[in-house]
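We count ligands from 1, going down the list as the structure has it; atoms in each ligand are counted the same way.
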Amino acid sequence: MSTATATSSQPALLGGSAAITQSPGNLFTWPIITSEDEAAVLDVLRRGAMSGTDITQEFERKYAAWQGSRYALGHCNGTAALLGAYYGCGVGPGDEVICPSVTYWASATPAYALGATPVFAEIDSKTLCLDPADIEPRITKRTKAIVVVHYLAYPADMAPIMAIAKKHGIKVIEDVSHAQGGLYRGRRLGTFGDVSAASLMSGKSLPAGEAGMLTTDNLEIYERAVAFGHYERYVAEKIQTAYLKPWAGLPLGGVKHRMHQMSAAVGLVQLKYNDARCAEIRRAINRFWDMLEGVPGLRPHRTDPADPTTNMAGWYAAHGLYVPEELGGLSVTRFCEAVRAEGFPHCEAGFNCPLHTHPLFIDADVYGHGRPTRLAHSDRDVSQAPESLPRSVAAGFRTYSIPWFKHDQTDVIRQYADAYRKVAENADSLRQGDPGDPPRLGGWHFFRHR
Ligand SMILES: *Cc1c(COP(=O)(O)O)cnc(C)c1O
């Protein structure tokens with residue numbers, strides 16, 4: 001398929017015409033809301049059921065069955081679900097939790113609230129997920145849990161991670177906020193660890209508004225999460241974990257984690273269509289990458305599309321890997337600027353800034369200890385210099401966002417692929433005027449939600 005006729009070979013940034021001429025229409029619109037979502041919300045409103053749990057419990061049952069987990073517990077957001085999961089695993093004062101440095105902060109912040117401290121580990125440069133080889137060196141007698149993030153929808157390598165956790169008697173918390181419903185070796189993500197937590201906020205691949213879901217097969221973890229943030233469901237006759245019975249009805253965590261029923265209602269409708277919608281997203285993004293096969297400097301961040309047992313779920317916040325050495329050192333910053341000029345305004349360099357370089361984990365004294373919380377919560381020096389996790393820092397300079405297609409429309413997708421190819425193939429001319437990358441890339445929020 002020749003693209004030379006469709007696009008000027010001169011980059012738009014240098015005065016050529018833009019590769020993308022078609023309007024995206026609804027190509028990126030998310031969440032997909034229909035009259036069915038609207039009717040479900042109206043029903044909650046009209047029944048005066050906003051603060052109940054009947055719809056939420058139906059959502060929990062269906063979510064658990066869909067994922068293949070025994071218990072699901074609805075939360076007001078993913079951050080709360082993670083806090084419930086941490087507490088469920090018994091994380092408490094003085095404990096350490098191993099977490100990848102490259103993730104959204106809520107993967108690690110529950111440690112603070114519980115008096116524990118996160119210890120950051122490296123990512124694998126290809127998967128961008130926790131590197132199984134960097135876990136064991138960080139385990140101490142204080143380590144209570146490992147947090148695994150299926151980052152940008154790529155399933156983390158759960159088999160070795162679970163083996164390490166088992167060997168050391170440590171719990172595994174899966175943060176599936178980027179990869180709801182995704183598969184790893186034939187099983188849904190969220191079913192490998194001791195407990196999982198997912199954000200279901202509107203930008204995520206399973207959107208319910210503001211909501212989160214905790215899942216587990218472990219009754220004790222489930223009941224601890226109930227006791228922590230769901231006092232109205234913490235009922236003596238129902239709770240089976242003996243040491244939790246005497247406190248039934250008390251808000252043990254002092255927090256309220258209940259899901260809003262308008263969100264639960266949307267979540268129920270979204271869940272029905274999610275597998276089909278995500279399958280279409282995967283077809284579209286795999287098509288985009290197939291069109292870019294062999295282009296220098298650009299590599300897909302994806303699992304093997306021919307392997308039906310492992311997939312990228314709804315391909316949350318899709319990114320690509322960048323190999324500047326193949327483009328004469330063209331900075332990813334310049335690369336993205338040139339793609340934006342081709343007509344895709346959302347091409348950005350980098351992703352989440354690594355947490356071990358984040359002021360919240362270096363400087364902030366959240367609870368008035370008179371020194372950084374990260375250090376105050378530990379009886380050893382857990383500080384981690386930026387250069388101590390070189391791959392986590394370098395990876396931001398080797399990634400860029402790609403279009404997160406929601407529909408498989410070959411013609412438009414080809415225009416976007418042409419844009420990326422054209423920029424890569426013109427690296428030589430774009431190097432003139434390349435300001436280089438800034439010293440830090442990526443933000444605390446790397447992805448804008450409407
Ligand atoms: C979005 C997100 C969360 C937090 O979820 P909220 O619903 O926004 O509270 C946690 N972890 C990761 C990896 C996320 O992307």
Considering non-hydrogen atoms of the protein only, which is the closest contact for [atom], and what is the distance?
{"atom": "atom 7 (O) of ligand 1", "result": "S199 OG, 2.6 Å"}
{"atom": "atom 3 (C) of ligand 1", "result": "Y104 CD2, 3.4 Å"}
{"atom": "atom 9 (O) of ligand 1", "result": "T79 OG1, 2.5 Å"}
{"atom": "atom 11 (N) of ligand 1", "result": "D175 OD2, 2.7 Å"}
{"atom": "atom 15 (O) of ligand 1", "result": "H178 NE2, 2.8 Å"}
{"atom": "atom 1 (C) of ligand 1", "result": "K204 NZ, 1.6 Å"}

Shortest heavy-atom approach to atom 10 (C) of ligand 1 - which of P110, P100, A197, S177: S177

Could you tell me, atom by atom, which parts of ligand 1 come under 4.0 Å of a heavy atom of [X]?
{"X": "L82", "answer": "10 (C), 11 (N)"}
{"X": "T103", "answer": "13 (C)"}
{"X": "A106", "answer": "4 (C), 10 (C)"}
{"X": "G78", "answer": "5 (O), 6 (P), 7 (O), 9 (O)"}

Residues [X], [Y]: salt bridge by 4.0 Å N-O rule:
{"X": "E60", "Y": "R233", "result": "yes"}
{"X": "R374", "Y": "D363", "result": "no"}
{"X": "R188", "Y": "D275", "result": "yes"}

Closest contact, heavy atoms only, L189 versus P155: CD2-CB, 3.8 Å

Within 45° cone and under 6.0 Å: R224 NZ/CZ vs Y87 ring: yes

Within-4.5 Å side-chain heavy-atom neighbours: H257 and T79: no

Nearest-0.5 Å distance, OG1 of residue T310 to CE of residue M158: 12.5 Å

Parallel, tilted or perpendicular, as decided by the 30° and 60° cut-offs, for the rings of Y316 and H178: tilted

